[in-house]
Amino acid sequence: MAASRRAGGSCDAGAGAGAGAGAEPPGSGERKEPARPGDLRSVLVTSVLSLEPLDLDLFRGRHYWVPVTRRLFGGQIVGQALVAAAQAVSEDVHVHSLHCYFVRAGDPTVPVLYQVERTRTGKSFSVRSVKAIQHGKPILICQASFQQTQESPVQHQFTMPTVPPPEELLTHEEVIQKYLQDPSLAEKYKLGLNKILAQEVPIEIKPVNLPKILCQRTQEPKQMFWVRAQGYIGECDMKLHCCVAAYISDYAFLGTALLPHRQHPVKFMVSLDHSMWFHAPFRADHWMLYECESPWAGGCRGLVQGRLWRRDGVLAVTCAQEGAIRVKQCLSESKL
């Protein structure tokens with residue numbers, strides 16, 4: 001990452017602007033995407049990740065989208081926690097990793113308080129700890145590490161999968177509309193799909209393969225989709241783009257572990273922890289390929305891993321998450 005410079009407030013997100021306030025625009029070497037006509041400022045910047053400062057290292061965050069589970073969306077809490085942590089570091093460092101534990105379910109009816117502890121400030125690395133608090137108790141504990149830019153000849157990465165570009169694929173909403181046009185679709189599935197369409201998720205998604213929404217057959221625990229923030233964020237400090245990526249990374253992630261087990265109705269599914277490693281500059285409002293896989297599930301838990309690729313083949317972010325998964329076991333009736 002190049003030397004820091006002022007972004008002229010172009011990515012102001014309330015307290016989130018301090019999670020920015022000026023580094024070199026991300027995405028060097030990345031394919032330039034044309035501006036989308038009529039693009040509005042991303043709600044992820046203007047609302048979702050905008051925190052209200054209450055005191056030194058103390059912030060309040062509110063909610064935007066709440067899933068059908070009626071619990072707070074984990075990606076929102078992680079993203080807001082990273083915004084708070086970024087307020088407590090200098091402008092010339094960049095987040096390289098974060099590790100979070102979800103310790104209680106979030107209550108969507110009240111705001112979240114974010115309390116930052118300046119754990120360590122070193123010459124190369126600085127660590128900030130954040131507690132997300134509701135009703136006087138932590139709902140998430142997050143540690144984020146920031147690094148001064150350092151060059152090294154030790155460099156390598158995996159190769160990005162070869163997939164169709166996003167321009168050739170249907171959006172998530174278009175895929176659902178396609179299923180709804182099927183006259184043989186049962187009414188209960190229509191209701192469920194229309195509920196999904198009614199949700200105002202501030203993310204654009206284009207599945208690489210058409211999801212088998214109504215299929216109960218075993219599938220490989222892998223999925224890929226193009227993803228980006230809705231609206232315009234622009235060239236600004238990488239910290240803000242990392243906060244947006246933290247929000248995006250939790251969407252549909254844990255569901256990868258359920259793909260081989262769709263014959264079992266889900267009773268309960270919740271994230272237990274979430275980790276991210278940031279490797280290269282990127283624009284969260286540009287299309288990135290999210291490659292997700294689940295190498296293991298068992299003991300009412302599932303592990304998922306993900307990689308966010310820039311369009312030019314650069315590995316930008318690596319993610320990992322474990323979640324609790326409880327299902328209704330389908331007992332087969334004996335024919336004897």
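In what follows, every heavy atom counts, from backbone to side chain, and hydrogens, waters and symmetry copies are set aside.
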task: Scan side-chain atoms only and decide if N209 and Q223 contain a donor-acceptor pair under the 3.5 Å cut-off.
output: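 Per modelled atom types, N209 and Q223 side chains form no pair under 3.5 Å.
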
field: Under 3.5 Å side-chain donor-acceptor pair for Q148 and S124
entry: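 No.
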
Set of residues satisfying salt bridge (charged side-chain N to carboxylate O under 4.0 Å, His left out) with respect to [X], sequence neighbours excluded:
X: R62; value: none
X: D250; value: none
X: E220; value: K222

Which atom pair, heavy atoms only, marks the closest approach of [X] to [Y]?
X: E174; Y: L170; value: OE1-CA, 3.3 Å
X: A86; Y: V89; value: O-CG2, 3.4 Å
X: C292; Y: T256; value: CB-OG1, 3.6 Å
X: H279; Y: L315; value: CB-O, 3.5 Å
X: A84; Y: Y114; value: CB-CB, 3.9 Å
X: G231; Y: E204; value: N-OE2, 4.4 Å

message: Which residues pass the side chain to side chain donor-acceptor pair (under 3.5 Å) test with Q147, not counting sequence neighbours?
response: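 For Q147, the residues satisfying side chain to side chain donor-acceptor pair (under 3.5 Å) (neighbours in sequence not counted) are Q150.
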
Partner set under side chain to side chain donor-acceptor pair (under 3.5 Å) for Q134, not counting sequence neighbours: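 Applying side chain to side chain donor-acceptor pair (under 3.5 Å) to Q134 gives none.
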
Can you tell me how far apart [atom1] ([X]) and [atom2] ([Y]) are? Round to the nearest 0.5 Å.
X: C243; Y: M238; atom1: SG; atom2: CE; answer: 9.5 Å
X: H172; Y: Y251; atom1: NE2; atom2: OH; answer: 5.5 Å
X: K206; Y: E173; atom1: NZ; atom2: CD; answer: 10.5 Å
X: T159; Y: Q157; atom1: OG1; atom2: CD; answer: 7.0 Å
X: F278; Y: K239; atom1: CZ; atom2: NZ; answer: 12.0 Å
X: L289; Y: T162; atom1: CG; atom2: OG1; answer: 10.0 Å

message: side chain to side chain contact (heavy atoms under 4.5 Å, CB included), that's the test. Do I139 and R71 meet it? Break it down for me.
response: CA-CA 11 Å; I139 62 171; R71 294 188 295 267; over 6 Å; no

field: Donor-acceptor contact below 3.5 Å, side chain Q80 vs main chain V48
entry: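 Checked: pair present.
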
- request: Determine yes or no for a side-chain-to-main-chain donor-acceptor pair under 3.5 angstrom, with D285 supplying the side chain and Y232 the backbone.
  value: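 A pair under 3.5 Å: no.
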
message: With side chain to side chain contact (heavy atoms under 4.5 Å, CB included) as the criterion, how do R118 and D57 come out once you've worked through the C-alpha distance, each side chain's angles and the decisive distance to 0.1 Å?
response: CA-CA 9 Å; R118 304 190 182 209; D57 297 337; 2.9 Å; yes

Flag side-chain contact, heavy atom, 4.5 Å: R228 against I248: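 A side-chain contact is absent here, since even the closest heavy-atom pair is not under 4.5 Å.
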
message: Once side-chain hydrogen bond (donor to acceptor under 3.5 Å, both in side chains) is applied, what residue pairs with a partner in residues 288-299 remain, sequence neighbours excluded?
response: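 Every pair satisfying side-chain hydrogen bond (donor to acceptor under 3.5 Å, both in side chains) with a residue in residues 288-299: E291-R307, E291-W309, E293-R307.
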
message: Would R311 and W226 count as a side chain to side chain contact (heavy atoms under 4.5 Å, CB included) here? Give the steps.
response: CA-CA 10 Å; R311 289 189 64 153; W226 291 98; 3.8 Å; yes

